[in-house]
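Scroll down for the structure; my scribbles are underneath it.
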Amino acid sequence: MKHVFGPVSSKRLGQSLGVDLLPPKSCTWNCIYCQLGRTRAYTLERKEFYPPEDILLEIQEALHSGARIDWITFVGSGETMLYQGIGRLIDEVKKMTDIPVAVITNGSLFSLPEVRSELLHADAVLPSLNAGSEELHQRISRPAPGFTFSLHLEGLRQFRREYSGRLWVEVMLLGGVNDSDEALQDIASALRSINPDMVHLVIPTRPSTEKDVLLPDEERIERAAAILAEVAPLVHPVKGSMDLTRSADLLEAVTAITLRHPVQQRELLSALEACFPDLPDKAAETLSAMFATGRFSLIEQGGEPYWTKREA
Ligand code: SF4
């Protein structure tokens with residue numbers, strides 16, 4: 001399928017059927033931690049990049065496949081809300097099924113009323129807030145000119161006022177960049193003014209655009225979790241990572257995730273080990289079976305091995 005992938009497992013959204021609405025890479029930002037590569041040219045114009053009928057047909061097919069699906073998640077090879085007409089897609093999906101719909105977005109277009117209104121029928125919206133100051137917003141997200149921190153924050157606040165569904169704000173914690181107490185207090189203060197239902201703290205566990213993007217150390221992760229949990233219930237990055245325990249076919253589940261984006265070997269092994277608590281060799285055996293398919297390569301970044309799709 002061209003637009004639909006998965007379902008992939010995560011602790012945040014269970015078995016999530018992904019729907020990608022954009023050609024790569026179409027984004028208003030150029031984050032230093034982006035796993036899709038650099039934004040060569042910003043995309044600022046909202047468009048119906050693909051016919052909605054094609055996307056809905058693929059979703060329909062996936063729903064008929066019999067696979068367990070907990071969420072249908074709109075994402076993009078870039079900024080999801082650049083797809084003009086996402087609101088209609090959400091409404092059409094809700095006519096097909098009772099499965100809840102989530103939208104992952106950077107939130108950069110929320111200052112536009114037409115963007116906010118397209119999201120009102122989603123069950124959960126997951127925008128990003130990685131900084132609590134203009135300086136760090138520019139340094140981390142490297143947005144297109146004019147996409148200031150104050151515009152971003154005001155857009156998120158306004159959306160919260162209008163949206164009654166679940167607003168789960170995602171904070172990417174980067175070692176040495178936004179993990180100081182001062183930066184975290186700024187983020188907490190910005191979050192407080194938005195009033196999200198939950199904060200999802202995430203860390204850069206995948207190879208990034210910039211080689212010097214670092215994982216924060218354990219002490220900083222715990223400190224960030226403690227500060228941000230004062231604002232809203234928090235999903236912890238380590239405890240909230242990949243969950244394979246409910247996958248009917250492990251090899252297929254792991255393959256689907258890794259074909260989509262590189263996965264840290266450590267994360268993969270720990271998710272597999274959780275499936276076989278009494279069989280210590282089984283996780284490594286599953287990895288070997290995966291490698292034997294010839295569809296993956298092992299790469300290294302920052303001293304960490306990652307599994308990734310083998311280029312043709
Ligand atoms: S908003 Fe998402 S897709 Fe866009 S540059 Fe940042 S991480 Fe990449």
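All figures in this text were calculated on a predicted structure; none of them were measured in a lab. Atoms within each ligand, like the ligands themselves, are counted from 1 in listed order.
Side chain of Thr39 to backbone of Ala41: no donor-acceptor contact under 3.5 angstrom is found.
The nearest non-hydrogen atom to atom 1 (S) of ligand 1, considering only Thr28, Asn106, Asn130, comes from Asn106.
When distances to atom 4 (Fe) of ligand 1 are checked against a cut-off of 2.8 Å, Cys27 contributes an N, O or S atom below that limit. Within the 2.8 Å limit, Cys31 places no N, O or S atom next to atom 8 (Fe) of ligand 1.
Looking only at heavy atoms of the protein, atom 3 (S) of ligand 1 is closest to Gly78 CA, 3.6 Å. Nearest protein neighbour of atom 8 (Fe) of ligand 1, counting heavy atoms only, is Cys34 SG, 2.3 Å.
A tilted orientation is assigned to the rings of Phe110 and Phe159, their planes being inclined by 30° to 60°.
Note on Phe5 and Leu57: separate hydrophobic clusters, where clusters join Ile, Leu, Val, Met, Phe, Trp and Tyr whose side-chain heavy atoms are under 4.5 Å apart, directly or indirectly.
Near Tyr33, meaning under 4.0 Å from one of its heavy atoms, ligand 1 places the atoms 7 (S). The atoms of ligand 1 that sit less than 4.0 Å from any heavy atom of Lys25 are 5 (S), 8 (Fe).
Residues Ala284 and Leu269 come closest through the heavy atom pair N-CD2, 4.3 Å.
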Item to complete: Check the pair Trp307, Gln265 against side-chain hydrogen bond (donor to acceptor under 3.5 Å, both in side chains), reporting the backbone distance first and the verdict last.
Response: CA-CA 6 Å; Trp307 284 70; Gln265 176 161 275; 2.8 Å; yes
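A salt bridge does not link Lys2 with Asp20: every distance from a Lys NZ or Arg NE/NH1/NH2 to an Asp or Glu carboxylate oxygen is 4.0 Å or more.
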